[in-house]
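All heavy atoms count here, side chains included; hydrogens, waters and symmetry mates do not.
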Amino acid sequence: MGIAQAAAPLRLHLGCSGAAPPRPTSLRVGVGFGFGSHARRKGGRRRSPPRAASSLHPSSNPRAHDHDPALKAPTVDADGRDFNGAAAGQPDHAPQRRRRAASDLEEEAWGLLRESVVSYCGSPVGTIAACDPNDSSPLNYDQVFIRDFVPSGIAFLLKGEYDIVRNFILHTLQLQSWEKTMDCHSPGQGLMPASFKVRVVPLEGDDEGATEEVLDPDFGEAAIGRVAPVDSGLWWIILLRAYGKCSGDLTFHERIDVQTGIKLILKLCLADGFDMFPTLLVTDGSCMMDRRMGIHGHPLEIQSLFYSALLCAREMLTPEDGSADLIRALNSRLMALSFHIREYYWLDKRKLNEIYRYKTEEYSYDAVNKFNIYPDQIPPWLVEWIPPEGGYLIGNLQPAHMDFRFFSLGNLWSIVSSLATTRQSHAILDLVEAKWSDLVAEMPLKICYPALEDQEWKYITGSDPKNTPWSYHNGGSWPTLLWQLTVACIKMNRPEIAARAVEVAERRISVDKWPEYYDTKRGRFIGKQARLFQTWSIAGFLVAKLLLENPEKSRILCNNEDEEFANAFNLMADSCNPNRKRGRKALKKTYIV
């Protein structure tokens with residue numbers, strides 16, 4: 001059955017006058033409210049005049065980064081010549097050329113990012129997903145996606161340009177309250193859209209051909225697979241906090257409409273359900289991997305963003321009587337979630353050996369194998385792949401099921417949000433270094449490793465022709481992940497890892513026209529269906545460069561570990577030790593952790 005809308009097609013009619021609108025503080029939450037009189041225009045769509053890119057380029061920074069010598073690639077080939085063509089021992093002008101080339105590359109990236117900016121009522125409100133002038137069928141790549149805009153927003157914040165982020169936050173906040181309906185069913189209040197588009201439509205009741213701009217949101221009812229974007233609201237909260245910290249406008253989040261938006265997202269995420277675990281239960285395709293990839297259940301990416309959003313929201317919620325119960329529920333969930341992920345998602349060589357020796361069908365409160373994981377689930381590739389030093393958080397955990405794949409975004413954001421412990425965070429980066437040829441190779445960064453192949457690919461993806469092995473979400477290499485890698489490395493005081501990855505990307509990303517993703521096991525080819533001039537590939541690169549030049553600015557995204565949670569985690573870990581005698585009432589808790 002097709003989509004049955006209860007009313008007219010989803011359109012948010014936010015009229016705007018011909019002049020520039022007032023500052024967004026005058027925006028009102030809700031549907032059908034305008035900023036003033038409608039903009040009356042003759043003819044077709046009005047386009048903003050092109051902006052001069054020169055005034056937007058970052059200043060050249062010749063500062064070279066100190067790398068760990070152990071991480072440097074060899075600089076001399078078999079013929080005794082370096083990779084720049086100079087004979088060994090001759091004066092090498094390559095560093096100066098590389099700095100100049102890097103500056104040109106950043107200027108190009110800033111120019112492309114500016115070209116992707118979308119305006120609404122004369123003000124910038126976001127960036128479209130891709131801006132390829134030769135793409136005749138953009139599908140929904142000409143829309144502003146919540147998750148895709150985050151690196152763009154961070155780049156603008158780091159450059160001191162706050163208006164576009166402020167406008168984006170407030171306009172998406174309005175869309176949150178819009179009625180969402182698919183097949184006569186409406187999801188919970190508080191859902192943020194996956195994307196929105198600025199459309200120009202004829203002005204109602206006007207016979208002179210006047211038009212107006214409207215915001216047209218997509219909450220998943222038009223998306224492939226019709227999946228609601230669970231991560232949109234989480235990214236919105238994270239970006240809201242970053243805006244306040246970077247702009248210094250710490251009163252912005254105290255606005256009534258912003259506070260209401262935060263609370264609606266939290267209530268939707270913290271709502272009671274049938275699930276016994278503190279992790280957020282979602283369907284397949286509800287995050288960056290927005291197609292069927294076998295991540296339904298409790299995927300790590302959602303849990304790390306969920307944890308980060310809860311911490312960010314706790315900082316921003318204003319103390320009032322109506323927030324007390326919400327904050328208590330938030331703190332309870334944070335503690336249970338941190339323990340659950342750290343204890344049961346963690347995998348290293350020692351833990352793998354423990355799983356290998358698991359007994360099954362244990363029925364008791366003191367069971368070691370709490371989720372009844374069968375040792376035969378351990379895939380052969382993992383036994384050889386797990387390094388002696390290092391580890392990672394697995395992709396998913398459900399009763400009798402562990403997804404042993406390495407998911408980059410979930411692991412990196414677990415570091416950024418302090419969902420992973422300090423020891424685990426360093427171990428994750430140790431694994432990235434140890435498995436560099438698998439996770440980075442010729443283009444950073446694998447979205448997941450390894451790819452689903454053969455019958456596994458057929459049954460798990462439904463024979464998805466876009467997610468063939470080592471392509472797109474199935475083991476493809478995504479340059480946008482550079483910025484998450486950079487934030488994680490800076491937080492752990494290991495920026496040389498991110499700098500090395502940026503150097504790998506610099507060699508070809510511009511020549512390849514800033515693709516969305518790369519294919520093959522080593523990321524050698526541009527993705528077979530990859531969009532060129534993909535905005536978050538451009539923005540991710542810029543954020544990585546900006547943060548490596550100014551590492552202290554990464555604090556707008558990082559969450560520090562809560563000492564109370566750390567102490568509680570140690571107590572809970574001790575109470576769950578199978579060697580410790582305890583009865584049924586040894587630990588009182590709300591969730592199975």
Does atom OH of Tyr162 have more than 12 heavy-atom neighbours, drawn from other residues, nucleotides or ligands, at distances under 6.0 Å?
-> yes
Just wondering, more than 12 heavy atoms not from Arg314 lying within 6.0 Å of its CZ?
-> yes
Step through it carefully: locate the ring centre of [X], locate the ring centre of [Y], and say whether they are under 6.0 Å apart.
X: Tyr517; Y: Tyr472; result: yes
X: Trp478; Y: Tyr518; result: no
X: Trp457; Y: Trp470; result: no

Would you tell me whether [X] and [Y] have side-chain atoms, one donor and one acceptor, within less than 3.5 Å of each other?
X: Lys263; Y: Ser323; answer: yes
X: Gln303; Y: Thr279; answer: no
X: Trp514; Y: Glu108; answer: yes
X: Ser308; Y: Ser417; answer: no
X: Tyr141; Y: Gln534; answer: no

From the options Val165, Ile164, Val118, select the one residue that forms a side-chain contact (heavy atoms from CB on, under 4.5 Å) with Pro124.
->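 Only match with Pro124 under side-chain contact (heavy atoms from CB on, under 4.5 Å): Ile164.
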Is it true that a side-chain atom of [X] and a backbone atom of [Y] form a donor plus acceptor pair closer than 3.5 Å?
X: Glu301; Y: Met288; answer: yes
X: Gln143; Y: Ala129; answer: no
X: Lys491; Y: Ile415; answer: yes
X: Asp519; Y: Ile526; answer: no
X: Asp284; Y: Ile295; answer: yes
X: Ser554; Y: Ile490; answer: no
X: Glu106; Y: Leu542; answer: no
X: Gln259; Y: Met316; answer: yes
X: Asn411; Y: Phe407; answer: yes
X: Thr127; Y: Ser152; answer: no

Which heavy atom in [X] sits nearest to a heavy atom in [Y], and how many Å separate them?
X: Val502; Y: Ala544; result: CG2-CB, 3.9 Å
X: Met293; Y: Cys448; result: CE-SG, 4.4 Å
X: Ala242; Y: Ile154; result: CB-CD1, 4.0 Å
X: Leu105; Y: Ser510; result: CD1-CB, 3.0 Å
X: Pro151; Y: Val543; result: O-CG2, 3.3 Å
X: Leu240; Y: Phe252; result: CD1-CE2, 3.6 Å

To the closest 0.5 Å, what do you measure between [atom1] ([X]) and [atom2] ([Y])?
X: Ile460; Y: His296; atom1: CD1; atom2: NE2; result: 8.5 Å
X: Thr480; Y: Ile538; atom1: OG1; atom2: CD1; result: 10.5 Å
X: Leu305; Y: Cys269; atom1: CG; atom2: SG; result: 10.5 Å
X: Phe306; Y: His298; atom1: CZ; atom2: NE2; result: 11.0 Å
X: Arg291; Y: Asn467; atom1: CZ; atom2: CG; result: 6.0 Å
X: Lys553; Y: Leu547; atom1: NZ; atom2: CG; result: 9.0 Å

Measure the shortest side-chain to side-chain distance between [X] and [Y] over non-hydrogen atoms and say whether it is less than 4.5 angstrom.
X: Tyr120; Y: Asn167; result: no
X: Leu175; Y: Met192; result: no
X: Val282; Y: Pro299; result: yes
X: Leu452; Y: Arg405; result: yes
X: Ile146; Y: Thr172; result: yes
X: Asp132; Y: Arg531; result: no
X: Thr260; Y: Arg255; result: no
X: Ile302; Y: Cys287; result: yes

Answer yes or no on whether Lys545 is positioned over the face of Trp483, meaning its NZ or CZ is under 6.0 Å from the six-membered ring centre and within 45° of the axis.
-> no
Does a salt bridge link Asp464 with Lys466, judged by any charged N lying under 4.0 Å from a carboxylate O?
->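 A salt bridge is absent here (no side-chain N lies under 4.0 Å from a carboxylate O).
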Salt-bridge criterion met for Arg199 and Glu212 (N-O under 4.0 Å) = no
In Trp413, Phe149, Phe168, Trp536, the residue satisfying ring pair (Phe, Tyr, Trp, His ring centres under 6.0 Å) with Trp235 is Trp413
Could you walk me through whether Arg114 and Glu161 pass the salt bridge (charged side-chain N to carboxylate O under 4.0 Å, His left out) check?
-> CA-CA 12 Å; Arg114 295 297 181 184; Glu161 300 172 24; 2.3 Å; yes
Residue list, side chain to side chain donor-acceptor pair (under 3.5 Å) with Asp231, at least two apart or on another chain | Arg147
After noting the C-alpha distance and the side-chain angles of Asn550 and Leu158, does the key distance pass the side chain to side chain contact (heavy atoms under 4.5 Å, CB included) rule?
-> CA-CA 9 Å; Asn550 298 282; Leu158 294 176; over 6 Å; no
Could you walk me through whether Val201 and Glu213 pass the side chain to side chain contact (heavy atoms under 4.5 Å, CB included) test, one step at a time?
-> CA-CA 6 Å; Val201 299; Glu213 289 181 340; over 6 Å; no
Which residue, Asp216, Asp142, Asp218, forms the salt bridge (charged side-chain N to carboxylate O under 4.0 Å, His left out) with Lys197?
->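 The residue from Asp216, Asp142, Asp218 that satisfies salt bridge (charged side-chain N to carboxylate O under 4.0 Å, His left out) with Lys197 turns out to be Asp142.
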Could you please spell out the steps behind the side chain to side chain contact (heavy atoms under 4.5 Å, CB included) verdict for Val150 and Ile238?
-> CA-CA 9 Å; Val150 172; Ile238 292 167; 5.7 Å; no
Going through the checks in order, is the side chain to side chain contact (heavy atoms under 4.5 Å, CB included) test met by Leu393 and Ile341?
-> CA-CA 8 Å; Leu393 296 166; Ile341 296 295; 4.1 Å; yes
